[in-house]
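Okay, so here's the structure we're looking at.
We're numbering straight along the sequence, starting at 1. Just so you know, ligand 1 is whichever comes first in the structure, and atom 1 is the first atom listed for that ligand.
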Amino acid sequence: MSQTVRGRFAPSPSGRMHLGNLFSALLAWLSVRSAGGIMVLRIEDLDPDRCREEYAVQLADDLRWLGLDWDEGYQAGGPHAPYRQSQRTASYAAAFHTLQERGLIYPCFCTRAERLAASAPHLGQGQGAYGGKCRSLTPRQREELSACRHPSWRLQVPDQTAAFQDGLQGAYAENLLRGCGDFILRRSDGVYAYQLAVVCDDADMEITQVVRGRDLLSSTPRQLYLYQLLGRKAPQFCHVPLLLSEDGRRLSKRDGDLDMGALRERCTPQALLGRLAYLAGLLPLPEPVSAAELIPLFSWEQVRKEDVTLSDTSDAF
Ligand code: GLU
């Protein structure tokens with residue numbers, strides 16, 4: 001008997017959604033709906049400094065405007081509530097303590113500047129592999145340093161390659177030690193890190209399929225290692241192309257002309273969906289279409305793998 005597909009969209013409410021977020025959301029939604037699965041909307045509001053409730057309300061409204069609905073999650077409830085990371089700390093704390101009891105976590109007293117200086121610049125998303133400076137501190141050194149600074153907490157990783165088959169990008173592998181190094185599970189201000197939270201949430205919510213932007217491909221080996229340590233079942237991953245501006249930058253919430261506020265003024269939902277589906281490789285022409293009409297047209301074989309550079313962005317959308 002085949003398992004019901006459970007997918008999710010997991011936006012961070014740190015600004016208005018932009019075209020790149022929509023592109024990932026549309027593909028995640030189509031993948032679930034074309035398989036008759038369950039769609040979950042989880043709000044990734046881990047970072048209290050960057051996230052705001054009004055953005056969460058707004059993004060739910062923007063998704064509905066596009067016709068991208070969800071069965072469980074924010075504003076809908078469901079068996080795995082709560083669906084906001086800020087309310088799921090108990091799950092992250094339990095996982096953290098499990099790993100801590102096994103001696104796999106250590107405090108790191110490096111400042112941000114030290115971390116950046118010590119890391120190879122080209123690795124990961126500009127964050128580089130951590131050289132492990134604080135791994136070998138003695139208990140006494142830890143005690144002394146704790147007196148002047150709150151540490152962040154790192155997971156010790158082995159010199160081991162994590163490999164997986166991405167549903168869209170194909171085979172991907174990274175050596176944990178050289179690719180990312182010991183990574184942070186909890187920040188010095190006590191906030192649990194995305195890498196830990198996303199694994200706990202996807203496992204707790206029984207997510208079977210993660211569709212998200214290609215910028216998170218390099219996070220996946222770390223997440224798979226956490227699944228392994230925590231004895232949880234990992235989902236399948238599909239990392240979709242990024243939308244890039246003409247100068248090759250990834251679209252971000254700073255590209256105001258392509259955020260949902262501006263797009264909703266200029267476009268109908270059908271026009272926007274038609275363009276996105278065309279860019280994804282699902283339509284031969286950028287013609288208006290509804291979300292529901294796209295469901296039978298969806299297949300992963302059709303979806304392009306390479307990032308999309310938008311030329312003359314404001315005209316096209
Ligand atoms: N919250 C992340 C973002 O908005 C997505 C994380 C994920 O899909 O794993 O970029």
Exceeds 12 heavy-atom contacts within 6.0 angstrom, atom OH of Tyr278: no
Whether over 12 other heavy atoms sit under 6.0 Å from Arg142 CZ: yes
Asn21, portion touching ligand 1 at heavy-atom distance under 4.0 Å: neither
Per-atom contacts of ligand 1 with Pro11, taking only distances under 4.0 Å to non-hydrogen atoms: 4 (O)
Proximal atoms of ligand 1 relative to Tyr194 (non-hydrogen, under 4.0 Å): 6 (C), 7 (C), 9 (O)
Contact check, side chains of Leu137 and Leu145, non-hydrogen atoms, under 4.5 Å: yes
For Arg8, the ligand 1 atoms whose distance to one of its heavy atoms is below 4.0 Å: 7 (C), 8 (O), 9 (O)
Val198 neighbourhood, listing ligand 1 atoms whose heavy-atom distance to it stays under 4.0 Å: 9 (O)
Test: Arg154 cationic atom under 6.0 Å from Tyr130 six-membered ring centre, within 45° of axis: yes
Residue Glu44 vicinity, atoms of ligand 1 by number, heavy atom under 4.0 Å: 1 (N), 2 (C), 5 (C), 6 (C)
Atom 3 (C) of ligand 1: nearest protein contact (heavy atom, Å): Ser12 OG, 3.8 Å
No-hydrogen, no-angle side-chain donor-acceptor test under 3.5 Å, Gln160 and Asn175: no
Residue Gln236 excluded, over 12 heavy atoms near CD under 6.0 Å: no
Polar side chain donor-acceptor pair, Arg214 to Ser24, under 3.5 angstrom: no
Verify atom 8 (O) of ligand 1: protein non-hydrogen atom under 4.0 angstrom away: yes
Protein contact to atom 5 (C) of ligand 1 [nearest heavy atom, distance to 0.1 Å]: Ala10 O, 3.4 Å
